[in-house]
Amino acid sequence: MKCVTGGMAKLPLEFHPDARLEALEAYDWYAERSQRVAYTFHDELQGAGRAIEHNPERWESYLLGTHRYLMKRFPYVIVYRVATDRVEILAVAHGRRKPGFWKERLETD
């Protein structure tokens, strides 16, 4: 569905419970070291979510029909798939973590 502005209509984000936990754990890790850096992580994660909501097909195709968004200031990758009525965030993964560890999450529909 197209917006009046010519871009894609915004699709709501839905976090897999494990992806939400990964984001919270990353925030907590940064908060233990610097509250300012933790806030910066939170802000970048929210900005990434807004960008993905508005144009989910923009970021490169990844594994098994997913896409990935590389965070700019943090070593994290947001893995997601586009459904008919939403965008499903499958993982908020540290870049050094084993790729594809989240694959079993594709089966939980």
Applying side-chain hydrogen bond (donor to acceptor under 3.5 Å, both in side chains), name anything that partners [X], two or more places apart in sequence or on another chain.
| X | answer |
| --- | --- |
| Q46 | none |
| E44 | none |
| E32 | none |
| Y27 | Q35 |

Closest approach of [X] and [Y], non-hydrogen atoms and distance?
| X | Y | value |
| --- | --- | --- |
| A48 | I78 | CB-CD1, 3.6 Å |
| L90 | R105 | O-NH1, 2.6 Å |
| L11 | P56 | CD1-CG, 4.0 Å |

For H94, enumerate each residue passing the ring-ring contact (aromatic ring centres under 6.0 Å, His included) test, keeping only those at least two apart in sequence or located in another chain.
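By the ring-ring contact (aromatic ring centres under 6.0 Å, His included) rule, H94 matches Y76.
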Who pairs with W102 by ring-ring contact (aromatic ring centres under 6.0 Å, His included), at least two apart in sequence or on another chain?
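Partners of W102 by the ring-ring contact (aromatic ring centres under 6.0 Å, His included) criterion come out as none, since no residue qualifies.
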[atom1]-[atom2] distance between [X] and [Y], expressed to the nearest 0.5 angstrom:
| X | Y | atom1 | atom2 | answer |
| --- | --- | --- | --- | --- |
| R81 | L63 | CZ | CG | 13.5 Å |
| K10 | N55 | NZ | CG | 13.5 Å |
| D18 | I89 | CG | CD1 | 13.5 Å |
| L45 | T40 | CG | OG1 | 12.5 Å |

Pick out which of W59, Y80, Y62 makes a ring pair (Phe, Tyr, Trp, His ring centres under 6.0 Å) with H67.
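That would be Y80.
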Can you find a heavy atom in the side chain of M71 that is under 4.5 Å from one in the side chain of V77?
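In short, these two side chains do not touch, never coming nearer than 4.5 Å.
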Does CZ in R36 sit with more than 12 non-hydrogen atoms of other residues, nucleotides or ligands closer than 6.0 Å?
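Open.
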Just jot down the side chain to side chain contact (heavy atoms under 4.5 Å, CB included) partners of [X], sequence neighbours excluded, or say none.
| X | value |
| --- | --- |
| L64 | K103, L106 |
| R20 | F15, L24 |
| V37 | Y30, S34, F74 |

Under the 3.5 angstrom rule, does the side chain of E22 hit a backbone N or O of V92 as a donor-acceptor pair?
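Yes: the side chain of E22 pairs with the backbone of V92.
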Is Y39 linked to W29 within one hydrophobic cluster, defined over Ile, Leu, Val, Met, Phe, Trp and Tyr using a side-chain heavy-atom separation of less than 4.5 Å?
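Hydrophobic grouping puts Y39 with W29.
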Salt bridge (charged side-chain N to carboxylate O under 4.0 Å, His left out): pairs with one or both residues in residues 57-69, sequence neighbours excluded
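Matches after skipping sequence neighbours: E60-R68.
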